[in-house]
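Take a look at the structure below.
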Amino acid sequence: MRPIRLIPLLQQASAQALADRYGLTLDPATLVVQRTSRDHTGDYTLVLFPLMKHRLGSPEAIGQTLGQDLLDRLPDTLAAFDLVKGFLNLTLTPAAWCRWLHFALAEPEAALRLDLGSGQKVMLEFPSPNTNKPLHLGHLRNLFLGDSLTRILTAAGFTTIRANLYNDKGIHICKSLLAWQREGCQTPEQSGLKGDHLAGKYYVRFDQLLREQIEQLKAQGLDEEQAKAQAPLQQEVQELYRRWEAGDPAVVEPWRQMNTWVYAGFEQTFRRLGLPPFDVNYYESETYLRGREIVEEGLAQGVFFRKPDGSVWIDLSDEKLDEKLVLRSDGTSVYITQDLATAELKYQQFGIDRSIYVIGNEQDYHMKVLIATLKRLGKPYAEGMYHLSYGMVDLPTGRMKSREGTVVDADDLLDEMTATAAAATAELGKTESLDAQSLESLHHSLGLGALKYFLLKVDPARRMVFNPEDSIDFKGHTGTFIQYTHARTAALLRKADEQGYRPQPVAAPEPLAGAELDLVRQLYHWPDALAEAVRDYSPAVVANYAYDLARAYSRFYTEAPVLKADTVAQRDFRLLLTALTRQHLATVLGLLGIEAPDRM
RNA sequence: GGCACCGUAGUUCAACGGAUAGAACGGAGGUUUCCGGAGCCUCAGAUACAGGUUCGAUUCCUGUCGGUGCUACCA
């Protein structure tokens with residue numbers, strides 16, 4: 001048995017019915033089938049208005065015949081139809097959704113997954129940090145998106161590869177390095193700082209020192225521009241970068257040392273965030289040379305052109321992307337030069353079908369240019385490249401600015417979240433049986449869960465706001481609420497087990513109404529929700545599904561006693577629903593990278 | 001200036017072109033002798049503005065206003 005996606009099933013059946021009755025051939029996917037809105041009877045609704053343009057008759061006439069045709073075609077699935085204006089509301093048979101419930105109980109692994117990918121290889125690149133400062137809130141959105149999307153695609157039958165690209169070369173890296181060397185070359189051990197924080201400290205320090213020099217020069221009568229250009233530190237750092245490019249061991253060695261520390265710091269944070277290791281790490285310091293060769297090839301092909309000063313460009317003005325530099329006049333590479341090489345390397349190493357770049361929307365233009373350029377170069381893999389562009393995480397006052405000290409540090413934020421979770425858990429008082437270690441790991445998973453959910457529930461494309469003042473919530477539409485609901489299902493199942501009751505694939509007592517029915521509907525909707533998340537590359541769809549399920553269960557829980565149900569049939573069925581809710585919540589939270597505790 | 005993205009309750013978010021625009025937080029009010037009250041139930045509260053396309057527009061198009069980003073021989 002395979003997971004049943006009801007929306008495509010109903011689209012297919014409707015398309016065939018229309019073909020047979022009216023000789024009308026339509027792509028089933030174009031038929032509008034959606035969940036029936038609350039306040040109307042039915043489970044799924046076929047919207048008939050779009051069919052009007054084919055002049056088959058009135059919506060009422062089509063609806064009546066189509067409704068009957070569907071009932072005849074899917075007798076095991078459809079119980080009734082109800083026509084309201086141009087909406088054909090379809091009600092499923094209890095037998096249909098019981099099949100699904102029983103299947104999910106027996107084979108949750110199979111039932112909660114899909115095979116949309118047929119093993120296609122997808123690489124996801126994230127978070128691709130610079131190696132001169134620690135990770136912040138923006139990286140967290142990136143990391144959680146990339147991680148969650150990898151899990152979602154895997155669950156949908158794709159073979160996924162996690163890739164990280166370190167932006168480890170450039171003048172900004174040299175800034176940290178320079179300040180660090182000037183001020184004593186401390187190791188992380190000596191400073192008591194994680195490697196990434198150490199580098200970050202000196203990046204900030206460089207800026208301070210440079211600022212001071214600029215102010216001095218301005219006091220001597222220079223204007224801002226001149227002061228910037230003439231500041232000794234500015235010249236020093238440029239010189240340092242030149243020596244790095246030239247391979248001077250006196251620069252390369254300490255650079256390597258510092259990066260090693262930074263990577264160790266990042267690794268530590270990744271682990272704390274519950275992220276699996278990356279399958280492959282790329283380093284711009286290793287790919288930029290190959291980029292120049294690609295530029296040479298492009299020149300030979302006539303895709304690029306050389307300006308009199310020797311710089312190399314691509315003209316994308318007919319795609320409204322303007323002219324873009326791909327190689328400097330001195331022959332050194334720019335950002336995009338390296339990206340050309342990395343894109344090729346990924347394809348050569350893994351033979352990927354799709355390459356997803358999880359990168360902020362500030363780089364929309366850059367990514368358009370990159371993909372357009374590779375297409376011009378005739379690279380076959382360009383077609384499979386996709387920029388998953390996500391919005392920045394802003395503060396209520398606007399963008400985070402390191403200069404103003406408003407950057408929300410990833411490690412600090414996680415500490416805070418964990419502490420808050422600990423306080424809330426102690427207050428609830430349900431965790432006396434846990435030892436200190438389990439308790440600590442629980443607080444961690446609650447704090448982290450709240451943070452992940454907060455960042456994932458929003459449509460990736462949207463810019464979102466984080467207000468440090470009123471911290472991330474543990475009540476309402478939160479990961480915590482979903483985890484809490486899971487813990488309640490677990491508690492109930494424990495209690496049932498003590499009394500000798502186990503979830504069984506029983507039939508539904510009829511008729512079902514209210515919260516019970518809503519819960520059932522939410523459960524069998526899962527495969528369609530997963531498919532939607534894959535189509536849109538959106539963990540937010542999964543996050544919102546999880547919330548809706550948790551809410552449906554909470555209402556059910558209040559309204560319908562399980563162990564104290566009136567009849568045995570009711571008790572057994574409600575126990576089944578509880579077991580399935582638990583499975584679904586655990587699986588769905590897992591796709592968001594969030595743990596599902598049994599008590600909290 | 002050019003290009004791109006975005007304007008939905010006080011605030012943070014939902015709504016493949018479909019039915020009376022859903023939630024959460026905050027506010028007001030209820031709910032615990034009953035399986036876990038981080039819950040459940042009421043109430044008040046929103047599509048920036050003006051046109052257009054459509055049977056139907058928060059959604060698509062045009063314009064206006066407002067916000068953000070990109071537009072570096074930085075990465």
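Below, chains carry the letters A, B, ... as their sequence lines are ordered, and counting in each starts from 1.
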For [X], answer base if it contacts any base atom (sugar-phosphate contacts may also be present), sugar-phosphate if it contacts only those atoms, and nothing otherwise; contact means non-hydrogen atoms under 4.0 Å.
X	answer
F481(A)	sugar-phosphate
K430(A)	base
R38(A)	nothing
N544(A)	nothing
Y557(A)	base
E284(A)	sugar-phosphate
H366(A)	nothing
T578(A)	nothing
V465(A)	sugar-phosphate
A560(A)	base
P50(A)	base
S554(A)	sugar-phosphate
A540(A)	nothing
D598(A)	base

F474(A) and F481(A): aromatic ring centres closer than 6.0 Å?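 For F474(A) and F481(A), the ring centres are not under 6.0 Å apart.
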Are OP1 or OP2 of [N] and a side-chain N or O of [X] less than 4.0 angstrom apart?
X	N	value
K368(A)	rC3(B)	no
R574(A)	rC35(B)	no
R571(A)	rC35(B)	no
R555(A)	rC41(B)	yes
R328(A)	rA75(B)	yes

How many angstroms lie between atom NE2 of H387(A) and atom CD1 of I359(A), to the nearest 0.5 angstrom?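 It is 5.0 Å, given to the nearest 0.5 Å.
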Passing candidate, side chain to side chain donor-acceptor pair (under 3.5 Å) with Y390(A), options N361(A), D459(A), N142(A):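 Only one of N361(A), D459(A), N142(A) forms a side chain to side chain donor-acceptor pair (under 3.5 Å) with Y390(A), namely N142(A).
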Among Y288(A), Y283(A), Y241(A), the one residue meeting side chain to side chain donor-acceptor pair (under 3.5 Å) with K169(A):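 Checked Y288(A), Y283(A), Y241(A) against K169(A); only one passes side chain to side chain donor-acceptor pair (under 3.5 Å): Y241(A).
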Could you tell me the separation between the [atom1] atom of [X] and the [atom2] atom of [N], rounded to a whole number of Å?
X	N	atom1	atom2	value
M464(A)	rU12(B)	CE	C1'	8 Å
D322(A)	rC70(B)	CG	P	16 Å
Y484(A)	rG37(B)	OH	P	5 Å
D459(A)	rC16(B)	CG	C1'	13 Å
D566(A)	rC35(B)	CG	P	16 Å
H477(A)	rG39(B)	NE2	P	13 Å
R488(A)	rC34(B)	CZ	P	14 Å
Q363(A)	rU68(B)	CD	C1'	16 Å

For the base of rA19(B) and the side-chain ring of F87(A), does the geometry meet a stacking cutoff of under 5.5 Å between centres and under 30° between planes?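 Here F87(A) meets both the 5.5 Å and the 30° conditions.
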Pi stacking test for F49(A) and rG18(B): under 5.5 Å apart, planes under 30°: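 A stacking contact exists, since F49(A) sits close and nearly parallel to the base ring of rG18(B).
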Watson-Crick and G-U pairing of RNA chain B, under 3.5 Å, as dot-bracket with | and [ ]: (((((((..((((....[...)))).(((((.......)))))....(((((..]....))))))))))))....
State plainly whether the residues [X] and [Y] are in salt-bridge range, i.e. N to O under 4.0 Å.
X	Y	value
R551(A)	D518(A)	no
D528(A)	R5(A)	yes
K495(A)	E498(A)	no

Donor-acceptor pair (no angle test) under 3.5 Å: [X] side chain, [N] base:
X	N	result
N89(A)	rA19(B)	yes
T45(A)	rA19(B)	yes
H172(A)	rA75(B)	no

For the residue pair D168(A) and T131(A), confirm or rule out a side-chain donor-acceptor distance under 3.5 Å.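 Result is no, nothing qualifies.
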Out of [options], which nucleotide sits closest to the side chain of [X]?
X	options	result
N130(A)	rA75(B), rU8(B), rA38(B)	rA75(B)
Q34(A)	rA19(B), rG36(B), rA24(B)	rA19(B)
E362(A)	rG36(B), rA14(B), rC70(B)	rC70(B)
A491(A)	rG36(B), rU20(B), rG26(B)	rG36(B)

Want to settle it: does S37(A) or D473(A) sit nearer the 5' end of RNA chain B, counting the closest nucleotide to each?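 Checking each residue's closest nucleotide, the 5'-ward one belongs to S37(A).
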Which residue lies toward the 5' end of RNA chain B, V84(A) or V458(A), if each is placed at its nearest nucleotide?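 Mapping each residue to its closest nucleotide by heavy atoms, the 5'-most match is V458(A).
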Heavy-atom neighbours of K475(A) NZ exceed 12 at 6.0 Å: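 Check fails, neighbour count at 12 or below.
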W526(A) vs Y545(A) aromatic rings, parallel, tilted or perpendicular, using cut-offs 30° and 60°?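 Answer is tilted, since the angle falls between 30° and 60°.
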